[in-house]
Every structure is written in structure tokens, then in C-alpha cells.
There are 2 protein chains.
Amino acid sequence: MAARPTMKDVARAAGVSLMTVSRVVAGETGVAPQTAARVEEAIRALGYQRNDIARNLRRKAQDSRTIGLVVDDLANPFFSALARSVEDEAYRRGFLVLVGSTNDDPRRERDVVSAFSARQVDGLVLVPTGGNRPFFRAQMARGVKVVCVDRPATGLDVDCVAVDNRAGTATAVRHLLDRGHSRIAYLGDRQEIWTQRERYAGYEQAMAAAGLAVDPALVRHGLRGVPEAAKAIGELMDAPNPPTAVFSGNDLVTLGAVDAGASRRFALVGFDDFLLADKLDPPISVVSQDPAALGRTAAQLLFGRIDGDDAAARSVVLATRFIDRGSGGDAVGPPLPGGRAVYQAAE
Amino acid sequence: MAARPTMKDVARAAGVSLMTVSRVVAGETGVAPQTAARVEEAIRALGYQRNDIARNLRRKAQDSRTIGLVVDDLANPFFSALARSVEDEAYRRGFLVLVGSTNDDPRRERDVVSAFSARQVDGLVLVPTGGNRPFFRAQMARGVKVVCVDRPATGLDVDCVAVDNRAGTATAVRHLLDRGHSRIAYLGDRQEIWTQRERYAGYEQAMAAAGLAVDPALVRHGLRGVPEAAKAIGELMDAPNPPTAVFSGNDLVTLGAVDAGASRRFALVGFDDFLLADKLDPPISVVSQDPAALGRTAAQLLFGRIDGDDAAARSVVLATRFIDRGSGGDAVGPPLPGGRAVYQAAE
DNA sequence: GTGAAAGCGCTAACAG
DNA sequence: CTGTTAGCGCTTTCAC
């Protein structure tokens, strides 16, 4: 309840001028040890703590030493791992991190970024929704540095850190093709999300390279969350001519497929690794990426920009890794060695 | 690169006084529509955005509309789910959230909270490490509201939201006892963490109630992370007189046990539910708590305090739920119905 | 070494 | 309806 004491209060208590207190608090040299001691004493007695907000208002280098981190959903393990590594990089440099989730809603994204910007953030690590391009351009014109991560903001001239979603997906689909599958379903999240478009493109590309047409009946976009994905898989599998294999476009969709797979059998490969994927029966093969590395790299780029790096926008592509755990199944033939009950094609 | 335009710039551009711009920006009534329009136009032309930091410095209600959220590890799904719900509550009220992870290190906790406080946060949602009590008392004296979540800060007179760890654990251990186990191991994280002490107390209590002595050889504390936990389990099981059942004190330890369980058989019940626990073989029984509810409740309490609620400190205890999925095994007897390979006692 | 004055960008409290 | 003055808590600049 007590009002926070100010430098003025400390100055009065120590019997010196406000300016002397400022110097002591800022750790400047040129204050007599005795005076400094008196000031320190008053600071302790009053419980004074510097107001960094007022400080930054007046300082020449008008930086707030705060960055904003805007992700789709902080509760999603992928984004929280990314967030943690951004936070670590910021902590190392004495920066603070404001966080916000967008839920992939451009309106909320705008709200959040507006508020961050009004708080004078020095920069933004952004997992962009589809919209708000002109708005971001305006922010950048005002001096806010922006780095995109996970997805680029097309049409915005900023640094971006992401993985090669297309190639990663093509590899995974090729893995299914190599095991004899030809009716391969694609299930993904909303196509408005760049990663989802890229992954679908990778799927199309791998199918085309194998001389196979994509059957539109086997493609489902717009799956938000596990239950929706599970339901979609169920419908696909219950339809007349079901797929023998499924490629899932993100971790949540994969989990939905695992859910649906308990009562049905099909080969499954998904984008994004997840905890316990190796402990399932069968263990799930995935295209894995490293969210912590994405966050770390994005933060490093951002701090470089804040420190004055004004080279042309960079695009960093991190590697994906295909992890074959066996759930790719075989379209025809006996169960996998080891006798495990694989999500295996029925025909 | 361009300096951010200020109200002064807008005033000049619109040919009005600074005060008129202030009124328009604040959305106050009592400005002639024509004048307002001229100002709006200037704002648009210059890309002006209000500096909320300068604003808060002068406003009567000296609130920054920012709270700090301090957790053990933002990358941990438990804390990230909690964080998301805190953020949602803040967003609804137009508050911003600064985040920081402590890694359970009091020094980092202090660093982070200091920096938050210097930024004039109105309040703190805190998953406290063991230390820094006097420091927090000083913060509160300065008017920073504090609410603890997941763990209380003993000796600090603040609101706290947590679950009944002791009772939840006792229930789980009783479940193992009921199924005939008597050599039940306890594996947990560092005892400096309140939840871990409580859970161990629940274990002791349930054992004592069953008239069983705790065998110190079956107790391991201080397990940080999955690999350490897996290693500890391995050692326990390879020792002369191994346990037939394991209680694990948090999600990471449970995952370590699952890892170790692939090559060994023992009953297992853990604190904290986790994704895919129901999809493992056997499905893992757990004491579950709701991190989102913890975060939401803590945030609501905090905003109540910020809004002036000065009632005595409240302690909210949320329910845990024991979810029996079968991994409790039977100390003696046939595999569980359904023929699943249960982590079952060997003897 | 120390202090007085000015001002960062904004709003409160008054005038007109 | 609009403008002037003062000042939030601090740092800059320039005196002494």
C-alpha cells in the first residue's frame, strides 16, 4: 500500500541532492565514498528501488530493454519450448520479455502487438498469423525490430527462422510410398497457416513424383485440436475406400490420429516430434524439428538487429530430421518384427 | 529507424495544442468533431501511437497495467498451461504479462522479480523457489501484490493457490497398498520444493496408516529431469531387494519411470497427469491436477488484490483427481483383464 | 565532488 | 471547447 519511495525521498533522508542519489544508484564514479555510503544507507532504510520506467523516459539511448514474444498458443509444448529459449537469451542480456498468445487470431495479434508497442518494446519475436501486414510495416517504421519464427510473414521484409516444411514432409510421404502405400491421406490444420500450406505442398510434391494423383477425398484441412482430428480420421477410415496410411500436418493432428488409431489400423507419420512418441504401440515416426533452436536463433537475430545490425533481411532455415520408429507400417505383409501391433494397412 | 512521433509532433501537424491531441487519443469527450478529425488525420499521417509508459508516469492511478509471471520452467507443459491461463485472464482485463523462469534458482528468481518490480508491475503471480522471503516482503511493502501458485511461500502472508498434494499422494499410495504392494518406492524431485515435501509426507502417512515402515533404501529425492529419474529407477530395481511398486513425485520422474519400465516390470503411479498417459502400455495411473485452473484462480485472486481487495490472505486448495488406468498392477496374480503387459510386480 | 535547471512524453488541474 | 501551467521520476547538461 505504501507509495514507492522516490529518489527525492532518498535524497532528503541522506541530506544530499537528488542528483547525487542518481549517481549512486546508477553506479557512476565521482561520488565521495562517505557520501555514497550515506546514500546507500538511506536506500536500504527506505527500501528504495529505481523506477526503470521513468529512467528510460529520459535516457539518451531510448531503449526499454524489453522485447515482446507473440506465439500462437503458449500452452502448446512446441511454442512453450520456443518461448523458454527466447526468454533465456533475453535474460542473458538483461532484457525482459512480454508474452502474448494470438490463438491464430489476427485481431488478438494486433491487440497484443499494439499494447507491446505502446510499452516501447525494442523488438518482437513473432509467430505471425496471416494478417496485419500494414500494421507491422508501421511498427517497423517506428523502429520496432521484428523477427519471425516458425513462419515467415510474407510480404514483410524481416528476418525469419523456420524449417524446410516442404522437404521434411516430402521425405515423410516418400517413406510411406516406399513401404508400398498409395492411398495416403493428408490431414492438417488451417491452410491460412504457412507451415500447413508448405507441408501440404510437400505432400503433393511427393505424390506427384511417384506418379500418383492426390485423391481429394483423402485430404482434410482446417483441423484445430485433437478431437477434431480424431473425428476426421474416423470419418476417413469409415468411408468406402479408406486410406492405408496417414500423414498428419502437426502434433495435435498426430495425437488425434493416435487416438483414432486405437480402434483402427493404418500407417501413420506426422510432422513434429512429441513426448512419448517412442513409447507408443507402435512408436510413431515423425518429422522432428527443434523448437528451442528456433527460439534461440530468432532471439539472437533480434538482438543483433537491436544492437544495430541493419543488413538485408535474413532467412534462416533449420534442419528437420525424419525419425523412423516403425509406424510407417507396410501396405502389405506381416506385422513388423517384434510382433508389435502396428497401425498397419488392412488391405 | 525513424524516431517515434510524439503528441507534440501530432499537435504541430494538426495545428492544435498538445492537450487537444491528448484528449483525442484518450478518447475523451468534449472535443469538436472537426478538430478531432484533424487530429485523427495527423495521427494517421504520422503513424503516431501513444507512449503508454510516459502516460502511466503521470496518471493519477499509477498502475502500469502489467503483471509479472514467474514460474520454475516455462518449457514444462505444466507451467506453460498455467502461464497460458494467467495470460488469458490478463488479456481479458487489458493487462500485459512479463514472464520469467527461475529454474528453481533463488538468485535468478530475485533477478527476475527485481527487474519486474523496477518496471512497476502491479502484481506478481509467483511459483516461488525456497528463498528470497525478506526480498518479497520488501516488494509487498512497496505495493506490489503477490499471489503464489502451485506452492505457498511459507512465512509470507500472501494468497496461495495449490492442490492438496499430501492427500492426493496418500490416495495414490493407498491404491498401491490395496493391490497388495508393500515394497513401494518413492522417487521425487528436490525436497527444497514444497510440493515434493508434501508428497513425500503423503507417502509416509499412507505407509504408516498401513502399519508399514518406510525403507530408506526405496526412497530417492532430488531427481531433476527424466534421465536422472530413469537411472535411479534402474538402480533401485537392480538392487538386492527391489520394490514391487513405484510412486513418482512429479511428471518428469514418472516419465523416467516409464523409460526404465520398458525393460522391467513394476507397478507405477505418479503425481501429475500427462499427455498420452492413457495410450501407454500399460496406461499410467496418476494423481491429476489442473494447471489451467491453478493459473486462472491465481490470476483472479491477483486482479482482485490489484482492484483493492485487502481481506486477509486466502489459501485456495483445488482438488486432485486419482485416475486409475491400471498401472497400479497387482502384487500377485494374473495380468490385468485385456491381456495387456502391465508393469507388474515380479514376485 | 556536488548541485540547479531543463526536459523525456504525457496528463491533471485550472483558465479562458 | 481549447489552451496553459505544472509536474510524474528520472537523467542530461552545465555550473560551481
Side-chain angles (χ1 to χ4, degrees), chain A residues 2-40 42-43 46-65 115 117-122 142-143, chain B residues 2-40 42-43 46-65 115 117-122 142-143:
Chain A
R4 318 191 184 196
T6 72
M7 274 193 183
K8 215 163 156 183
D9 301 322
V10 175
R12 188 168 16 232
V16 295
S17 85
L18 197 160
M19 209 35 233
T20 301
V21 179
S22 172
R23 285 195 255 261
V24 172
V25 171
E28 281 177 29
T29 58
V31 178
Q34 291 211 7
T35 324
R38 277 223 315 291
V39 171
E40 305 269 21
I43 287 175
L46 295 178
Y48 170 77
Q49 187 176 18
R50 180 173 62 199
N51 181 336
D52 275 354
I53 283 188
R55 171 171 217 239
N56 287 329
L57 191 58
R58 189 63 179 88
R59 268 156 60 93
K60 195 75 254 168
Q62 284 250 52
D63 56 338
S64 62
R65 299 191 76 76
S117 173
R119 287 311 212 305
Q120 312 300 106
V121 293
D122 298 328
R142 299 179 60 245
Chain B
R4 316 190 188 198
T6 73
M7 273 193 184
K8 215 162 155 184
D9 301 322
V10 176
R12 189 171 13 235
V16 297
S17 86
L18 199 161
M19 206 41 226
T20 301
V21 178
S22 172
R23 285 195 254 260
V24 171
V25 171
E28 280 176 30
T29 57
V31 177
Q34 290 210 9
T35 323
R38 276 225 315 291
V39 172
E40 305 269 22
I43 287 175
L46 295 177
Y48 170 77
Q49 185 176 19
R50 179 172 63 197
N51 181 337
D52 275 353
I53 283 188
R55 170 171 216 237
N56 287 329
L57 191 58
R58 190 62 180 93
R59 269 157 57 97
K60 195 73 255 166
Q62 282 253 50
D63 56 338
S64 63
R65 300 190 76 76
S117 173
R119 285 315 212 302
Q120 312 301 104
V121 293
D122 298 327
R142 299 178 60 246

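All values below were derived from every heavy atom in this structure, side-chain atoms included, with hydrogens, water molecules and symmetry-related copies excluded.
- The interatomic distance linking A/N56 (CG) with C/dG7 (P) rounds to 21 Å, in whole Å.
- Scanning both residues, A/G47 and A/P5, for their nearest heavy atoms gives O-CG, 4.0 Å.
- Judged by atom type and distance alone, A/R58 reaches the base of C/dG7 through a side-chain donor-acceptor pair under 3.5 Å.
- Look at CZ on A/R12: it is 13 Å from P on D/dC10, rounded to the nearest Å.
- Judged as a side-chain hydrogen bond (donor to acceptor under 3.5 Å, both in side chains), and not counting sequence neighbours, B/R65 has no contacts.
- The distance between atom NZ of B/K8 and atom C1' of C/dT11, rounded to the nearest whole Å, is 15 Å.
- Under the salt bridge (Lys or Arg N to Asp or Glu O under 4.0 Å) criterion, A/R38 pairs with no residue at all, not counting sequence neighbours.
- In terms of phosphate contacts, B/S22 brings a side-chain nitrogen or oxygen within less than 4.0 Å of OP1 or OP2 of C/dT11.
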Measure all distances between protein nitrogen or oxygen atoms and nitrogen or oxygen atoms of nucleotides 1-5 of chain D, and list the pairs falling under 3.5 Å.
| residue | atom | partner | partner atom | Å |
| --- | --- | --- | --- | --- |
| D/dT2 | OP1 | B/T35 | OG1 | 2.4 |
| D/dT2 | OP2 | B/A32 | N | 2.8 |
| D/dT2 | OP2 | B/T35 | OG1 | 3.4 |
| D/dG3 | OP2 | B/S17 | N | 3.0 |
| D/dG3 | OP2 | B/S17 | OG | 3.2 |
| D/dG3 | OP2 | B/T20 | OG1 | 2.7 |
| D/dG3 | N7 | B/R23 | NH2 | 2.6 |
| D/dG3 | O6 | B/R23 | NH1 | 3.4 |
| D/dG3 | O6 | B/R23 | NH2 | 3.2 |

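- A/S22 meets the side chain to side chain contact (heavy atoms under 4.5 Å, CB included) test with A/M7, A/M19; sequence neighbours excluded.
- Residues passing the salt bridge (Lys or Arg N to Asp or Glu O under 4.0 Å) test with A/R12, sequence neighbours excluded: A/D9.
- Taking each heavy atom of B/V10 and B/I43 in turn, the nearest pair found is CG1-CG1, 3.8 Å.
- For the pair B/L57 CG and C/dA12 C1', the interatomic distance rounds to 13 Å; values are reported in whole Å.
- Panel note: side chain A/D52, backbone A/R55; no donor-acceptor pair is recorded below 3.5 Å.
- Rounded to whole angstrom, the span from the CE atom of A/M7 across to the C1' atom of D/dT11 amounts to 8 Å.
- Bending across the helix from C/dG1-D/dC16 to C/dG16-D/dC1, expressed as the angle between its end axes from five pairs apiece, amounts to 40° (10° rounding).
- Atom CD1 of B/I53 is separated from atom P of C/dT11 by 13 Å (rounded to the nearest Å).
- At whole-Å resolution of the value, CG in B/N51 and P in C/dG9 are 8 Å apart.
- Close to D/dG9, at under 4.0 Å from its OP1 or OP2, lies no side-chain N or O of A/R55.
- The CZ atom of A/R59 sits 16 Å away from the C1' atom of C/dG7 (whole-angstrom rounding).
- Between the side chains of B/R142 and A/Q49, a donor-acceptor pair is found at a separation under 3.5 Å.
- Side-chain contact check for A/N51 versus A/T6: every heavy-atom pair is 4.5 Å or farther apart.
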